[in-house]
Trainee: 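Okay, here's the structure, questions in a sec.
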Amino acid sequence: MTERMILTLAILGGTGKEGQALAARWAKAGYHVIIGSRSRDKADKAVAAVNERLGEDVVHGMENAEAAAACDIAILTVPFGAHRSTLESMKDHLQGKLLVDVSVPVKLDDPAVVQMPPAGSAAQEAQAILGSDVDVVAAFQNVSHTHLKRDEPVPCDVLVCGDDEAARQQVLRLVKAAGLVGWDAGPLQNAVVVEGLTAVLLGINKRYKIKGAGIRITGEQEPA
Ligand SMILES: NC(=O)c1ccc[n+]([C@@H]2O[C@H](COP(=O)([O-])OP(=O)(O)OC[C@H]3O[C@@H](n4cnc5c(N)ncnc54)[C@H](OP(=O)(O)O)[C@@H]3O)[C@@H](O)[C@H]2O)c1
């Protein structure tokens, strides 16, 4: 049995732009995917849209709490304003699991300006709320849904930060399964850079009138 046949991924707040696009990519790669929402009805509508796109009924919908309880790995895709309250209400269901935090803390009135929480970054805030029995990993903040939703290769890389090496490697496998190139970007403390970079990219989108500015790591591999 491959890990894709075993693992269930729950995307909390998965009815939104980023969550639906990731759901489609992971379902296509063979993972069990649940789209979570505050409303079962809204989850079902998002599921119908994703399944129609995929041409098969592979994604399922649940309320966030039910999805968090049912999953092996949770992915959080809510606006930063809903970050703390969503995590606090999911805390018990996430113990012993891995949480991938996609959130970007930006100013409410200007998403091109970063606004880090007192914990240092959204991902560090998630770790503080959930406690040490949850492996929090930050990823996907620099990839716009405008790329993810298209059925074509994504010209952006994914930086993956987390304190647990095995958890980072697990998320790097999810990045690859979604069809992207991921890089181990070190401890969770480094998420401040990755999350902050998104505000920079959003400002570049605005100033240069482009869609989905992203990053790509360059360099030459040293011979072994
Ligand atoms: N969009 C992108 O291209 C992109 C790229 C990289 C990172 N991100 C980050 O990913 C996260 C999600 O982005 P998005 O564009 O997908 O967001 P979104 O579409 O605005 O919202 C995602 C979902 O969050 C839930 N939500 C909204 N307000 C909430 C509240 N007050 N309490 C609880 N849940 C709430 C909603 O789900 P329900 O109503 O169904 O509960 C909504 O469908 C953000 O932190 C964003 O910064 C986004």
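For ligands, and for the atoms within them, numbers begin at 1 and follow the listed sequence.
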Trainee: Could you list the atoms of ligand 1 found under 4.0 angstrom from a heavy atom of V102?
Mentor: 7 (C), 9 (C), 10 (O)
Trainee: Just wondering, are more than 12 heavy atoms of other shown residues or ligands nearer than 6.0 Å to CD in E52?
Mentor: no
Trainee: Below 4.0 angstrom from a heavy atom of T86, which ligand 1 atoms are there? Numbered from 1 as shown, please.
Mentor: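 Atoms satisfying the 4.0 Å criterion: 33 (C).
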Trainee: Under 3.5 Å between some N or O of ligand 1 and some N or O of T146?
Mentor: no
Trainee: Taking both backbone and side-chain atoms of R38, is any N or O found less than 3.5 Å from an N or O belonging to ligand 1?
Mentor: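 Such a contact does occur with ligand 1.
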Trainee: Would you mind reporting whether V143 and L180 have side-chain heavy atoms less than 4.5 Å apart?
Mentor: yes
Trainee: Name the closest protein heavy atom to atom 6 (C) of ligand 1, giving the residue it belongs to and the distance to 0.1 Å.
Mentor: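 Looking at atom 6 (C) of ligand 1, the protein heavy atom closest to it is Q141 O, 3.2 Å.
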Trainee: Is there side-chain contact between P155 and H147, with at least one heavy-atom pair below 4.5 Å?
Mentor: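 A side-chain contact under 4.5 Å exists here.
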Trainee: For atom 15 (O) of ligand 1, what is the nearest protein heavy atom, given as residue, atom name and distance?
Mentor: K17 CE, 3.3 Å
Trainee: Please check whether K42 reaches ligand 1 - meaning an N/O of the residue sits under 3.5 Å from an N/O of the ligand, judged on distance alone.
Mentor: yes
Trainee: Quick one: CD1 on I210 to CG on L201, what's the gap to the nearest 0.5 Å?
Mentor: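 Spacing of CD1 (I210) from CG (L201) equals 8.5 Å.
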Trainee: When you measure from atom 21 (O) of ligand 1 to each heavy atom in A122, P79, G14, which option holds the nearest one?
Mentor: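 The nearest heavy atom belongs to P79.
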Trainee: Check E125 with R84, please: is the shortest side-chain N to carboxylate O separation under 4.0 Å?
Mentor: yes
Trainee: Measure the distance from atom 46 (C) of ligand 1 to every protein heavy atom, then report the residue, atom name and distance (to 0.1 Å) of the closest one.
Mentor: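 The closest one turns out to be V104 N, 4.3 Å.
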Trainee: With side chains defined as the heavy atoms from C-beta onward, is the minimum distance between F140 and L22 less than 4.5 Å?
Mentor: yes
Trainee: Mark up the atoms of ligand 1 that fall under 4.0 Å of a heavy atom belonging to T15, in ascending order.
Mentor: 36 (C), 37 (O), 38 (P), 40 (O), 42 (C), 43 (O)
Trainee: Can you list the atoms of ligand 1 that are under 4.0 Å from a heavy atom of G13?
Mentor: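 So the atoms of ligand 1 that pass are 22 (C), 23 (C).
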Trainee: Any idea which heavy atoms bring V134 and Q127 closest together, and the distance?
Mentor: O-NE2, 2.8 Å
Trainee: Under 4.0 Å between a Lys/Arg side-chain N and an Asp/Glu carboxylate O for R168 and E165?
Mentor: yes
Trainee: Return the residue, atom name and 0.1 Å-rounded distance of the protein heavy atom closest to atom 22 (C) of ligand 1.
Mentor: T77 O, 3.4 Å
Trainee: Heavy-atom count check: over 12 atoms from other residues, nucleotides or ligands less than 6.0 Å from Q189 CD?
Mentor: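 Open: at most 12 neighbouring heavy atoms sit under 6.0 Å from CD of Q189.
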Trainee: How about I73 and K97: do any of their side-chain heavy atoms sit closer than 4.5 Å?
Mentor: no
Trainee: Any nitrogen or oxygen of H145 lying under 3.5 Å from a nitrogen or oxygen in ligand 1? Just yes or no.
Mentor: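 Yes, at least one N or O pair falls under 3.5 Å.
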Trainee: Just distances here: any N/O of E18 and N/O of ligand 1 closer than 3.5 Å?
Mentor: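 Yes, there is a polar N/O contact under 3.5 Å.
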Trainee: For ligand 1, which atoms, with element, lie under 4.0 Å from some heavy atom of S37?
Mentor: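 With S37 as reference, the close atoms of ligand 1 come out as 38 (P), 40 (O), 41 (O).
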Trainee: Can you find an N or O of A82 that's nearer than 3.5 Å to an N or O of ligand 1?
Mentor: no
Trainee: T198 and side chain to side chain contact (heavy atoms under 4.5 Å, CB included): which single residue from L202, V200, V194 fits?
Mentor: L202
Trainee: Would you say that V33 contacts H60 through its side chain, given a criterion of any heavy-atom pair below 4.5 Å between the two side chains?
Mentor: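 No; the side chains remain at least 4.5 Å from each other.
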Trainee: Kindly identify the option in D101, I75, V78 whose heavy atom sits closest to atom 45 (O) of ligand 1.
Mentor: V78
Trainee: Is there a polar contact, in the sense of an N or O pair closer than 3.5 Å, between N142 and ligand 1?
Mentor: no
Trainee: Check ligand 1 against S103 and write out every atom of the ligand that is under 4.0 Å from a heavy-atom position of the residue.
Mentor: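 Listed by number with element: 45 (O).
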Trainee: What are the atoms of ligand 1, with element, lying closer than 4.0 Å to any heavy atom of F140?
Mentor: 6 (C)
